Amino acid sequence: MADDGKDSLRLKRGTKAAVSLMVDKIVPGGQAISELSDGRKIFLWNALPGEIVEEVEITKIKSHYVEGIAVKISAPAIPRIEPKDDCYLSTSPYQIMGYSYELEVKRDLLAEVFHQHKLDFKQEIPTVITDGKDFAYRNKMEYALYFDHADGKIKPAFHARGSHRKIPVSRSSIERPEIWQRANEIILELNRHNEDSRKFQSILLRCNQAGEVSGGLYENHQPHPQFQRLEDMLMGQKFSYSPNGFFQINLPVYEMVLDKIHKSITTDKVLDLYAGVGTIGLTAAPDKDLISVECDKAAYLELEHNVTVTNAQRTHPAKGIFAKSENALEYIAPDQTVIVDPPRAGCDTRLLTKLLEVQPRQIIYLSCNPATQARDVKVLENLYKIIEVQPYNFFPRTPHLENLIILELK
């Protein structure tokens, strides 16, 4: 609760303000929450439950709430630790807490989402699965470029949280070290040739599990270049992909999910919706009658390639369909397992309606946004029962959580 002596009505975006805030809890979305003296909620980065915040930087002001960053804290909470990177607010704001505490926070937030949507799941939410690696896990990173007038050099940069302002960084630890090293090599070359940083949009780099890096510079007003493709193994199958295309960011943890889905499928027919480049269906259902559906043209071309490669090893050839999942409803059948891995917005309502109409035997729902997942599952609960829930920490040191729900027809 804010101190009534502080006039929160004078807050202005982009400025720092003196406050007296007791932080209540972390809420779905990842920020901590408190209350201003005028009754508005304030959502804060760089704050933990139980802390007293005395100064904030305001990043957004709305009629019913405010967002900001805690700048001065007079009573740090016990779980707070020193961030590893100077850029943590831009890339990984959960660097301020111990890793075991982060896993507890994410499990509690998932439980709160289930409670908010009144899902019929009486069991305790299980521990968030992790491979224990909370740094050097990202296999893809994009850097902005910052020109430092002090020394006349280009520096790697990220955008400050809540703004378009670039901030130079001297260290970044959530990506694989091969990526950070290559980014600095590219910038060294730019400085050697006295290049103008305004000429470039960003540096995009991706690294495979073998440590091979591909990618490079994006120039402003120019088509994105075609970089050398990379290869990785998932569940014993080889996938090749473009560095600037879609592929999972944390492959070791992703493989844990694929193994879980593989062991959970109970039917001989599988429909993989929102399939991307096809990694879920092609690895988790290698011996099933598989149809994979994807609407993004670049991802579908990758899917077609991966289907062709893996079909040589499959008992039942897989089939790729170029369509939006909500426009491929004729492929849903009663004797199927339907896998959905939608974007953050969740499943289209037409798809949910068709699932309830056709009633496939099993639905496996992987989500990067537990809130929209819970909303969709609440609709499916009319005919389906939640058999299992399992969260995974794909993105350590960030608020993001991947969650798997397995449903079976009642």
Side-chain angles (χ1 to χ4, degrees), residues 138-144 175-176 179 182-183 186 200-210 212-235 237-251 254-255 257-258 270-285 290-312 317-329 331 339-348 351 366-369 372 394-395 400 402:
R138 283 188 65 100
N139 64 20
K140 182 181 181 182
M141 205 72 168
E142 189 166 2
Y143 306 90
E175 68 271 55
R176 288 183 58 123
I179 293 177
R182 180 62 185 139
I186 292 172
F200 303 100
Q201 175 187 328
S202 62
I203 299 173
L204 181 139
L205 297 169
R206 194 187 277 274
C207 176
N208 65 10
Q209 292 298 97
E212 299 165 329
V213 180
S214 183
L217 286 160
Y218 282 169
E219 287 192 44
N220 288 319
H221 316 300
Q222 297 294 324
H224 289 174
Q226 294 298 311
F227 300 119
Q228 180 180 345
R229 297 176 69 83
L230 294 168
E231 290 185 345
D232 265 305
M233 298 292 290
L234 286 170
M235 300 280 287
Q237 297 190 38
K238 183 184 290 185
F239 290 87
S240 68
Y241 53 93
S242 169
N244 46 359
F246 178 80
F247 206 69
Q248 281 292 345
I249 298 297
N250 188 334
L251 293 187
Y254 184 50
E255 201 162 23
V257 180
L258 297 177
V270 174
L271 178 63
D272 184 14
L273 300 176
Y274 306 97
V277 301
T279 51
I280 296 181
L282 292 172
T283 58
L290 173 68
I291 298 173
S292 297
V293 180
E294 175 54 42
C295 67
D296 180 82
K297 184 63 175 179
Y300 178 72
L301 291 175
E302 300 273 5
L303 169 63
E304 272 194 324
H305 172 78
N306 292 329
V307 165
T308 301
V309 171
T310 57
N311 270 348
K319 181 180 181 181
I321 303 294
F322 180 53
K324 290 184 177 180
S325 292
E326 58 269 23
N327 293 336
L329 303 180
Y331 296 102
I339 300 172
V340 293
D341 182 17
R344 293 189 62 80
C347 293
D348 188 278
L351 171 58
L366 181 64
S367 174
C368 60
N369 186 350
T372 55
F394 275 33
F395 305 102
H400 301 296
E402 203 87 7

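The structure displayed is predicted, hence computed values, not measured ones. If you read the sequence from its start, that first residue is 1, and numbering goes on from there.
- Within the 4.5 Å cutoff, no side-chain heavy atoms of S325 are placed close to those of V340.
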Hey, mind stepping through Y254 and T283 against side-chain contact (heavy atoms from CB on, under 4.5 Å) and telling me if it holds?
CA-CA 11 Å; Y254 184 50; T283 58; 6.0 Å; no
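- Between atom CG of residue D348 and atom CG of residue L273 there is a gap of 11.0 Å, rounded to the nearest 0.5 Å.
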Give the C-alpha distance, both sets of side-chain angles, the deciding distance and a yes or no for side-chain contact (heavy atoms from CB on, under 4.5 Å) between V257 and E402. CA-CA 10 Å; V257 180; E402 203 87 7; 5.7 Å; no
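- Side-chain contact between I339 and L271: absent, with no pair of heavy atoms (C-beta onward) separated by less than 4.5 Å.
- Between the CD1 atom of I249 and the NZ atom of K140 there is a distance of 6.0 Å, given to the nearest 0.5 Å.
- T372 places a side-chain N or O within 3.5 Å of a backbone atom of R344 that can act as its donor or acceptor partner.
- Taking the side chain as every heavy atom from C-beta outward, N220 and Q201 approach each other to under 4.5 Å.
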Exercise. Which is it for Y143 and I179 under the side-chain contact (heavy atoms from CB on, under 4.5 Å) test, yes or no, and what are the steps along the way?
Worked result: CA-CA 10 Å; Y143 306 90; I179 293 177; 3.4 Å; yes
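- Counting heavy atoms from C-beta on, the side chains of R176 and Q209 come closer than 4.5 Å.
- In this model, a donor atom of one side chain and an acceptor atom of the other lie less than 3.5 Å apart for S242 and N244.
- You'll find the side chain of D232 reaches within 4.5 Å of the side chain of Y241, heavy atoms only.
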Let's go through Y274 and C347 carefully: what are the C-alpha distance in whole Å and the side-chain angles of both, what is the deciding distance for side-chain contact (heavy atoms from CB on, under 4.5 Å) to 0.1 Å, and is it a yes or a no? CA-CA 9 Å; Y274 306 97; C347 293; 4.0 Å; yes
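- From D296, atom CG reaches atom CZ of F322 across 7.5 Å, with rounding to the nearest 0.5 Å.
- For E219, the CD atom counts as densely surrounded, since its 6.0 Å shell holds more than 12 non-hydrogen atoms of other residues, nucleotides or ligands.
- Smallest separation of non-hydrogen atoms from V307 and A318: CG1-O, 3.5 Å.
- Between D272 atom CG and L282 atom CG the span is 7.5 Å, to the nearest 0.5 Å.
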* Please lay out, stage by stage, how R229 and E302 fare under the test salt bridge (Lys or Arg N to Asp or Glu O under 4.0 Å). => CA-CA 11 Å; R229 297 176 69 83; E302 300 273 5; 2.7 Å; yes
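- Using a 4.5 Å heavy-atom threshold, the side chains of Y331 and I321 count as touching.
- Side-chain atoms of I186 and F200, non-hydrogen and from C-beta on, never get closer than 4.5 Å to each other.
- The CG atom of L217 lies 7.5 Å from the CZ atom of F227; values are rounded to the nearest 0.5 Å.
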